[in-house]
Amino acid sequence: MKNHILVIALLLLSIPALSQTPGVTADELIDPAFENNDVVLETRVGNFGVYSNNIKLSPKEVKDIMVSNPDALAEYNRALNYRTAYWVVGLPSAFVFGWSIADLINGRGDAVLISVGTAGTALGVIMGVLAQKKEKSAVVLYNSGMGSPSLSQLTFGSTSSGIGLSYRF
């Protein structure tokens, strides 16, 4: 009984981790500070998704933005395929693995389920890592084709001759 309560509590605690921020259209992300109204994209470690101006974009919005760079779009589509494999194989397998371990603790364990859960979880982790790498390489490809931003920046900090102001243009 205690194990069932523990599993239910862990499930309820993991639900907020699956929530996402509301999407914003690509038109709202256009920053006039960049030439040709390009959007700078970024990825974050340990988190699926592409961000622009600290706003998480939906896959459709990312595809709409990356249309101008076919190589980046193809790489992003590969990342989406790996991410789908992660969700379909990895997460259910992790649940089976965890449930089997709980049954093993209670003396009703099944070695076949533990083996299947372990293999599926390992495959899911591999797919998740590959998805993040492909997503990041797609963003790097897209951003490298944009050119550099036309911003000037004044910063205060240490310079080669001491402490002072630094102006980049």
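Count residues from 1 along the sequence.
Atom CZ of Phe97 sits about 4.0 Å away from atom CD1 of Ile101, to the nearest 0.5 Å. The structure places CZ of Arg78 at 8.0 Å from OG of Ser137, a figure rounded to the nearest 0.5 Å. Taking NZ of Lys134 as the reference point, atom OH of Tyr76 lies at 14.5 Å (rounded to 0.5 Å). Atom CZ of Arg83 is separated from atom CD of Gln132 by 9.0 Å, given to the nearest 0.5 angstrom.
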Residues 117-129, side-chain donor-acceptor partners within the protein, below 3.5 Å, at least two apart:
from: Thr118; atom 1: OG1; to: Ile114; atom 2: O; distance (Å): 2.7
from: Thr121; atom 1: OG1; to: Ser93; atom 2: O; distance (Å): 3.4
from: Thr121; atom 1: OG1; to: Ala94; atom 2: N; distance (Å): 3.3
from: Thr121; atom 1: OG1; to: Gly117; atom 2: O; distance (Å): 2.6

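Take Asn77 and apply the side-chain contact (heavy atoms from CB on, under 4.5 Å) test, not counting sequence neighbours, and it matches Lys63, Leu73, Leu80. Remark: Tyr86 pairs with Phe48 by the ring pair (Phe, Tyr, Trp, His ring centres under 6.0 Å) rule, at least two apart or across chains. Listed by chain and residue number, Met66, Asn69, Leu141, Tyr142 satisfy the side-chain contact (heavy atoms from CB on, under 4.5 Å) test with Ala72 (two or more places apart in sequence, or in another chain). Partners of Val67 by side-chain contact (heavy atoms from CB on, under 4.5 Å), not counting sequence neighbours: none found. The side chain to side chain donor-acceptor pair (under 3.5 Å) check on Lys60 picks up Asp64, with sequence neighbours excluded.
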**Request:** Apply the test side chain to side chain contact (heavy atoms under 4.5 Å, CB included) to residues Val50 and Lys56: give CA-CA distance (whole Å), side-chain angles for both, the deciding distance (0.1 Å), then the verdict.
**Result:** CA-CA 6 Å; Val50 177; Lys56 186 173 184 176; over 6 Å; no
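Neither Ile65 nor Val140 shares a network with the other; the hydrophobic side chains, linked directly or stepwise wherever heavy atoms of I, L, V, M, F, W or Y lie under 4.5 Å apart, form separate groups for each.
Put simply, the side chain of Arg108 never gets that close to the backbone of Leu104: no donor and acceptor are under 3.5 Å apart.
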